[in-house]
Amino acid sequence: MPKKLEHIGIAVKDLGKSEVLFEKLLNTSSYKREEVASEGVITSFFRIGEIKIELLAATNPDSPIAKFIDKKGEGIHHLAFESDSINDELEHLNNEGIELIHQQPKDGADNKEIAFLHPKSTGGVLWELCQEKKA
Ligand code: ZN
């Protein structure tokens with residue numbers, strides 16, 4: 001079961017420029033930049049109350065973020081819901097007929113295991129499941 005909305009992912013063209021903008025909007029600084037090489041993205045995180053904003057910029061033209069921005073422009077990219085067990089969650093949703101992008105969790109940014117659900121079966125929302133990695 002999802003426990004809470006963990007973060008909102010926002011696709012941006014220029015990470016530096018967007019960090020300046022979000023620092024203004026949220027009146028707080030980005031606390032971390034992290035590259036996820038396997039996804040071709042560099043991320044920047046802001047904490048705001050209980051949740052986080054994850055800015056995502058492409059590091060190469062084949063990155064899913066580059067493709068997203070080509071199609072839709074900058075803006076909200078995904079919602080991420082925290083779960084105690086991604087594996088159980090994936091199995092449950094698969095049994096419910098939800099289309100999974102990842103059958104197995106993979107390494108994401110911010111010390112998380114992540115898996116995405118296909119927007120075709122989530123009302124058009126790119127849906128991320130995430131779970132804190134155990135030390
Ligand atoms: Zn995310």
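Whatever order the structure lists ligands and atoms in, that order sets their numbers, starting from 1.
Here H77 fails the criterion, with no N, O or S atom under 2.8 Å of the Zn ion (ligand 1). Taking 2.8 Å as the criterion, D110 does not count as a coordinating residue of the Zn ion (ligand 1), since none of its N, O or S atoms falls below it. With 2.8 Å as the limit, H7 counts as an N, O or S neighbour of the Zn ion (ligand 1).
For E54, the N, O or S atom with the smallest separation from the Zn ion (ligand 1) is OE1. The name of the N, O or S atom in E128 nearest to the Zn ion (ligand 1) is OE1.
In this structure, the separation between OG on S44 and CD1 on I53 is 11.0 Å, given to the nearest 0.5 Å.
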> Run the salt bridge (Lys or Arg N to Asp or Glu O under 4.0 Å) check on E128 and K112 step by step: do they pass?
Replying inline: CA-CA 11 Å; E128 176 185 329; K112 297 275 194 298; over 6 Å; no
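Side-chain N/O atoms of E54 and H78 include a donor and acceptor closer than 3.5 Å.
The aromatic rings of F46 and F22 sit tilted, their planes meeting at an angle between 30° and 60°.
A side-chain contact (heavy atoms from CB on, under 4.5 Å) with P105 is found for one member of I114, L129, N87 and no other, namely N87.
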